[in-house]
There are 2 protein chains.
Amino acid sequence: MTRTYENNRSAELLDAAAVRFADAGYHKTTIREIGDAAGMLPGSVYYHFPSKADLLLAVYDEGVERVGGAVDAALEGKVDPWDRLEAALGGHLTAILEASAYARVLLSVLPSDVPEAAARLRDARDRHEDRFRELVADLDGDLGVDPALFRLFMLGAANHAKVWFHPGSRRPVDIAAELVRVLRGSEASDRSSEPAGAS
Amino acid sequence: MTRTYENNRSAELLDAAAVRFADAGYHKTTIREIGDAAGMLPGSVYYHFPSKADLLLAVYDEGVERVGGAVDAALEGKVDPWDRLEAALGGHLTAILEASAYARVLLSVLPSDVPEAAARLRDARDRHEDRFRELVADLDGDLGVDPALFRLFMLGAANHAKVWFHPGSRRPVDIAAELVRVLRGSEASDRSSEPAGAS
DNA sequence: ATGAATACCAAACAACCGTTTGTCAAGTCT
DNA sequence: AGACTTGACAAACGGTTGTTTGGTATTCAT
């Protein structure tokens, strides 16, 4: 049985790559920088990953898993469909705006940036966005719009926060709450307004 | 009087640059490609523009002007604030999704992609987004959210269409209409629901 | 102890990047 | 006609890029 050796710095490498990819994007990040940050020469990176694109892909997959975890955690215990949507968006935004470089990569590098890996990057991203497809489908009231369009508007609005968000003022979960409040107005035409219990 | 000569291919150069920047982004576009597309050697590009960043900036400015023009044209004759917002979004989306490579550049290259020109790129972009600040401010009813946040959500949702839009199915103006309909729900809490005329 | 796998280093490779330099025909001004 | 400007070409420059190759100390299985 030949198995791991455990002087392995693959994890540090991946961390370093995640930070650089998230902050500078794919093309502005060089193998040399990543290697440097992991205390490694550029050539050594290729012992761990066969190419720069594969390195990105590994980061991307890990990113999907982490945002997914954040969403799952936020979702725990919530039962009302709108509450669930808000919680999921809260987890999503927290991960992407504050928590993890891995998560941020999902927004700062587009699949089209790396044609040779575009299909697999899109797969990874879809794997995450599918959660929201479900959450939107579970909303009871008539939305007044195509649910697919509703989801795209919602994710577009949320992810755009990456551009204007700066930590310290509004918390990601507050942004999620406000967004859901705006979107929720659209169902108020039929079953209009009980102010929803509270206290 | 020393004046122009008019064998000048600056315009073709700018067009070529706009298309490449829009389709491939800043870093993946090379001066050689742009020169090629304009029938020019790479060195000759520098007769017209002092640097790649300056070339982008010229494209960007022209882009702002063209989307601005599309918005102005769409706005003509509209008086109701919500109608105006919808029209403006329609013009914005049409320009960005179908009409002009110059317009598309506003979405496909971020100011942060080119640090040496980031400030001036942001200026250009703000010049355009300020129109929407006004349009949102003119909405009468209480929005139920911070107008700034409302604007950011709206532009985020709209611009995200660049990712999922494909020509032939839904028209940009229809997307704008749907988006406004979703957002408009949020004003229905106080002055709830006259179904707004219609046969 | 021996042999193989591990996890790197050191150095280079070819390709490509944005940009500069020197040159020059064609057009315009005087 | 001569001087000067325009709009390019041709060729290279220095630097950076992702990647490859060959070597080597350390660790592990036998």
Side-chain angles (χ1 to χ4, degrees), chain A residues 1-21 23-60 105 109 112-118 120-121, chain B residues 1-21 23-60 105 109 112-118 120-121:
Chain A
M1 295 275 154
T2 80
R3 266 309 91 82
T4 53
Y5 207 51
E6 224 50 54
N7 288 8
N8 204 310
R9 266 181 276 167
S10 286
E12 288 91 320
L13 229 193
L14 214 64
D15 284 348
V19 171
R20 295 288 318 172
F21 283 148
D23 291 343
Y26 184 74
H27 289 287
K28 292 212 298 182
T29 300
T30 71
I31 294 285
R32 278 167 182 79
E33 287 170 346
I34 296 172
D36 258 32
M40 202 180 284
L41 290 181
S44 305
V45 172
Y46 287 81
Y47 173 76
H48 301 273
F49 298 92
S51 78
K52 189 186 177 186
D54 281 279
L55 181 47
L56 172 69
L57 203 67
V59 170
Y60 225 77
V105 173
V109 8
S112 59
D113 287 340
V114 196
E116 70 236 81
R120 295 172 62 190
L121 293 175
Chain B
M1 296 261 163
T2 80
R3 263 315 87 86
T4 53
Y5 207 54
E6 225 51 53
N7 287 12
N8 204 310
R9 267 181 275 166
S10 286
E12 288 91 320
L13 230 191
L14 213 64
D15 283 349
V19 172
R20 295 287 319 171
F21 283 149
D23 290 345
Y26 183 74
H27 288 288
K28 292 213 297 183
T29 300
T30 71
I31 294 286
R32 279 167 180 81
E33 287 170 344
I34 297 172
D36 257 32
M40 203 180 283
L41 290 179
S44 305
V45 172
Y46 288 83
Y47 172 75
H48 302 272
F49 297 93
S51 78
K52 190 185 177 186
D54 281 279
L55 181 47
L56 172 70
L57 202 66
V59 171
Y60 224 78
V105 174
V109 9
S112 58
D113 287 340
V114 196
E116 68 236 82
R120 294 172 63 190
L121 293 175

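Order of the sequence lines fixes the chain letters, A, B, ..., with proteins taken first and strands second; residue numbering starts at 1 for each chain. Since this is a predicted model, take the numbers as computed values, not measurements.
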Could you give the [atom1]-to-[atom2] distance, from [X] to [N], as a whole number of Å?
X	N	atom1	atom2	value
B:D36	D:dA10	CG	C1'	15 Å
B:M40	D:dG7	CE	P	10 Å
A:L55	D:dT17	CG	C1'	15 Å
B:Y46	D:dA12	OH	P	19 Å
B:Y47	C:dT23	OH	P	19 Å
A:I31	C:dA15	CD1	C1'	16 Å
B:F49	C:dG18	CZ	P	15 Å
A:E116	D:dT17	CD	C1'	14 Å

Rounded to the nearest 0.5 Å, what separation is found between the [atom1] atom of [X] and the [atom2] atom of [Y]?
X	Y	atom1	atom2	answer
B:I34	B:L14	CD1	CG	9.5 Å
B:M40	B:H48	CE	NE2	4.0 Å
B:Y47	B:L13	OH	CG	12.0 Å

Discussion item. Measuring to OP1 and OP2 of D:dG7, would you say a side-chain N or O of B:S44 lies under 4.0 angstrom away?
Written reply: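 No, B:S44 has no side-chain N/O under 4.0 Å of OP1/OP2 on D:dG7.
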
Worksheet item: Does A:H27 put a side-chain nitrogen or oxygen below 4.0 Å from OP1 or OP2 of D:dG18?
Response: no

State which of [options] makes the closest approach to the side chain of [X].
X	options	result
B:L41	C:dA7, C:dG18, D:dC9	D:dC9
B:N8	D:dT19, D:dG7, C:dG18	D:dG7
B:R32	D:dA12, D:dG18, D:dA8	D:dA12

Discussion item. Quick check: on DNA chain C, is the nucleotide nearest B:P50 upstream (toward 5') of the one nearest A:S10, or the reverse? Name the residue that is more 5'.
Written reply: A:S10

Worksheet item: Do B:L56 and B:V105 come close enough that some side-chain heavy atom pair is under 4.5 Å?
Response: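 In short, these two side chains touch, coming nearer than 4.5 Å.
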
Practice prompt. Could you tell me whether a side-chain N or O of A:H27 sits under 3.5 Å from a main-chain N or O of B:K28, the two making a donor and an acceptor?
Written response: no

Fill in: Side chain B:R9 and base D:dG7 donor-acceptor under 3.5 Å
no

Worksheet item: Hey, which of these two, A:A53 or B:G39, hits DNA chain D nearer its 5' end, going by closest nucleotide?
Response: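 Here B:G39 is the residue nearer the 5' end.
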
